[in-house]
Number of protein chains: 2
Amino acid sequence: MKVDGVPYRSIWLGDDGESVDVIDQTRLPFEFEIRKLRTLDDACVAIRDMVVRGAPLIGATAAYGLYLALRDDAGDDALRGARESLLATRPTAVNLRWALDRMQSVVGELAPAERAAAALDEANAIADEDVETNQAIGRHGLELIRAAAARKPAGEPVNILTHCNAGWLATVDWGTATAPIYFAHDEGIPVHVWVDETRPRNQGGLTAWELGHHGVPHTYIVDNVGGHLMQRGMVDLCLVGSDRTTRRGDVCNKIGTYLKALAAHDNGVPFYVCLPSSTIDWTTRDGVGEIPIEQRAGDEVSSLPATANAASTRIRLTPDSTPTFNIAFDVTPARLVSGLVTERAVVAATESELGASFADLVESETVGTTDPS
Amino acid sequence: MKVDGVPYRSIWLGDDGESVDVIDQTRLPFEFEIRKLRTLDDACVAIRDMVVRGAPLIGATAAYGLYLALRDDAGDDALRGARESLLATRPTAVNLRWALDRMQSVVGELAPAERAAAALDEANAIADEDVETNQAIGRHGLELIRAAAARKPAGEPVNILTHCNAGWLATVDWGTATAPIYFAHDEGIPVHVWVDETRPRNQGGLTAWELGHHGVPHTYIVDNVGGHLMQRGMVDLCLVGSDRTTRRGDVCNKIGTYLKALAAHDNGVPFYVCLPSSTIDWTTRDGVGEIPIEQRAGDEVSSLPATANAASTRIRLTPDSTPTFNIAFDVTPARLVSGLVTERAVVAATESELGASFADLVESETVGTTDPS
């Protein structure tokens, strides 16, 4: 999507062909800076420190990271080590494992001398397919927005609430939850987005930045507000992303998503989750019981960066000795999900419907993951 | 309660008898400063700018504010004007009106020369009674904590989640939601408090500060976390306060309370609201439809004070042009409330039970408010 009128993706091969370039998301929404990744370690740090974030973009970055590793050393040990290093960066988003499995299946059988080039091709393919996938999600989600618009007086904006950033910055382009919004806006359907702040890392600022650059009307609210809005009829539709969805449709997403799903359910507001099928973990069924949830450093809660430069200055929010607990994701049970907006269709959040829509993946992914080689 | 070992109330008559002294809560939890109120205007500013906040303390401050006004001018016009000025400071907490009605009923019939002294006596009585009321709430709420402790293995702490600050800083002393916690802690029942940050004004910092000074174990969390905790059995009991509760038990409280009540309900966690009967608005029934909800300035959402001195420096959280919406309270429907912990008893959140427990108030307050002069 555009930044100051110039089209960007969130990750791309640098002009010199030597680096993989990303937008440094720790500096947004205040500074727009490009970070060049040149080594496996650069890629690992970028994922771990959330220079890049969002399940699909984490997957794409891991794919490019494997390419950077193989460019330096394409031996079997290096391949295995790179895979392990990348897998260890963040625990919850399943796209990371999905992308690395896919890379492994392509390069694992090749002679070392052929691996780097094949890895680059495959990483590029993953990135390109992510864009197409999100466009497909956008087309399917657009129907939901059209339906919501049809339920309102002509010309009144469809009010959409979103949590965290499942925007183009969280993917390679278009976003998951935002793709339907951009499609609707571009088509002239009036939309207005309630942007959840999403403490502790305030990814709502990323969403506001994105929407602002694309001209989509929006309002930034603290995470406490959504229930009130839904109670008062001020939300027509919730659209969120997912970091991992189980085969029965339990949705793991940014902490606080579950609370919004409860409010949507309590007020009859449709609550849809937008995700590529690469986010579905066919090896898990019970989201609360089976998905590992990342716990992050407490200083993300007790202080905030005073400028976009997180490393230099932080302002304190709590008394000095106050203990904190910083859990990054929660699980929304399938019963609270109106549907899953995937690249193939809008699918009910049930094991049977998901299985019917993705019969090919259920088989291959389940097998692929139990024997990841 | 104690601050660095010294007992304080949140409001008191100054040593010189000339001022009403309060703790400046805009500077907490980082600086402990006393602010002296000497005029009606000082009192109005203190309430409006949240130097003092919390429904019971707003009521007590309004009572003292009327005294300060009458000390300057005790004529009928001044009395009427002072009442109107104080009523206009904040719209949601009903204790403000309750305290002013009570002051009016005492001083309205007196000759002007007698009014100031009577107003001071009545304001002191309101403050003293608030302390007794909260102690009674503490005794009743303690039974709930005892019951929760009995359901757990011996020695394991009772995990209590609270939202905003319904602590001693929100009242004259002890607090509403915190009184049971202080009672339990002082009695040796192990408790641990999950402290919601409570964006946008982060009153969780006040609660953490209070609990820390009293030695109560606690953990500060962002507002998104509570649902996850309840889903995982990490919360035994929710205790919150209220700014206004309707005669059928709908609870208006700090924005975000409704989301926690939904999560408690979804996970079978008891959700109790601690409040003095002065917080019950017998003239309203439907909380969502009838209670005026305060909307505050957007910069509370888009920026944060960089030090405790809110006036000097604020750091920006959103892109410059981002619109915000800042609504201060929400309404939790009675169906989500396990019970109301009042100074008389723990009462079911129903019109019949509330009416039975407060038959005397239903009558007098309803009549009193329809004819407030």
Side-chain angles (χ1 to χ4, degrees), chain A residues 28-30 163 194-200 202 204-205 208-209 212 217-229 231-232 254-260 262-263 265-266 288 293 298 300-302 304-307 315-319 321-327 329-331 333 336, chain B residues 28-30 163 194-200 202 204-205 208-209 212 217-229 231-232 254-260 262-263 265-266 288 293 298 300-302 304-307 315-319 321-327 329-331 333 336:
Chain A
L28 288 176
F30 304 105
H163 190 69
W194 295 108
V195 178
D196 269 1
E197 176 173 63
T198 319
R199 284 278 291 144
N202 297 19
W209 180 86
H218 62 280
T219 304
Y220 184 95
I221 50 176
V222 299
D223 301 306
N224 286 320
V225 172
H228 170 90
L229 295 177
Q231 208 174 37
R232 310 253 162 174
K254 181 57 53 190
I255 189 75
T257 303
Y258 168 50
L259 292 170
K260 297 302 146 61
L262 285 167
H265 189 258
D266 199 46
V288 173
I293 307 280
E300 290 186 351
V301 173
S302 58
L304 265 179
T307 69
I315 59 155
R316 187 124 193 124
L317 300 176
T318 62
S321 57
T322 303
T324 57
F325 175 68
N326 185 13
I327 190 92
F329 304 94
D330 65 17
V331 173
L336 300 176
Chain B
L28 288 175
F30 302 105
H163 190 70
W194 296 108
V195 177
D196 270 1
E197 175 173 63
T198 319
R199 285 277 292 142
N202 297 19
W209 181 85
H218 61 280
T219 303
Y220 184 96
I221 50 176
V222 299
D223 301 305
N224 286 320
V225 172
H228 171 90
L229 296 176
Q231 209 174 37
R232 309 255 162 172
K254 181 57 53 191
I255 189 76
T257 303
Y258 167 51
L259 293 169
K260 296 302 146 63
L262 285 167
H265 189 258
D266 199 46
V288 172
I293 307 281
E300 290 186 352
V301 173
S302 58
L304 266 179
T307 71
I315 59 154
R316 186 123 195 126
L317 300 176
T318 62
S321 56
T322 304
T324 57
F325 175 68
N326 184 14
I327 189 94
F329 304 94
D330 65 18
V331 173
L336 300 175

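Note: hydrogens, waters and symmetry copies are ignored here, and every other heavy atom, side chains too, is used. Lettering of chains follows the sequences in order, A, B, ..., and the numbering in each one begins at 1. Just so we're clear, the structure is a prediction, and the values are computed from it rather than from any experiment.
When each of B:Ile293, B:Thr198, B:Asp223 is scored by its heavy-atom pairs under 4.5 Å with chain A, the top score falls to B:Asp223. The choice from A:His218, A:His265, A:Lys254 that makes the most heavy-atom pairs within less than 4.5 Å of chain B is A:His218.
In this structure, a donor-acceptor pair under 3.5 Å is present between the side chains of B:Asp266 and A:Tyr258.
Only the side chain of A:Asn202 comes within contact range of chain B, judged by heavy atoms closer than 4.5 Å. Only the side chain of B:His163 comes within contact range of chain A, with heavy atoms under 4.5 Å apart. For a residue to count as touching a neighbouring chain, one of its non-hydrogen atoms must lie under 4.5 Å from one of that chain's; by this rule B:Val195 does not touch chain A. With a 4.5 angstrom heavy-atom cutoff, B:Thr324 touches chain A via backbone and side-chain atoms both.
Residues passing the side-chain hydrogen bond (donor to acceptor under 3.5 Å, both in side chains) test with A:Asn326, sequence neighbours excluded: A:Glu300. Contacts of A:Asp196 classified as salt bridge (Lys or Arg N to Asp or Glu O under 4.0 Å), with partners at least two apart in sequence or in another chain: A:Lys260.
When every heavy atom of A:Ala263 is checked against every heavy atom of B:Leu259, the shortest pair comes out as CB-CD2, 3.7 Å. Minimum heavy-atom separation, A:Ile315 to B:Pro305: CD1-O, 3.7 Å. Of all heavy-atom pairs spanning A:Pro29 and B:Pro319, the tightest one is CB-CG, 3.6 Å.
Test B:Ile221, B:Val225, B:Asn224, B:Val222 against A:Ile327 for side-chain contact (heavy atoms from CB on, under 4.5 Å) and you get one pass: B:Val225.
Separation of atoms CZ (B:Phe325) and NE2 (A:His228) is listed at 5.0 Å; rounding is to 0.5 Å. If you take CG on A:Leu262 and CG on B:Leu336, they are separated by 10.0 Å, rounding to the nearest 0.5 Å. The structure places CG of B:Asp330 at 10.0 Å from CG of A:Leu229, a figure rounded to the nearest 0.5 Å. Here CZ of B:Arg199 is found 7.0 Å from CZ of A:Arg199. Values are rounded to the nearest 0.5 Å. Summarising the geometry, atom OG1 belonging to B:Thr318 is positioned 9.0 Å from atom CD belonging to A:Glu197; distances are rounded to the nearest 0.5 Å.
No donor-acceptor distance shorter than 3.5 angstrom exists from the side chain of A:Gln231 to the backbone of B:Val288, with no hydrogens or angles considered.
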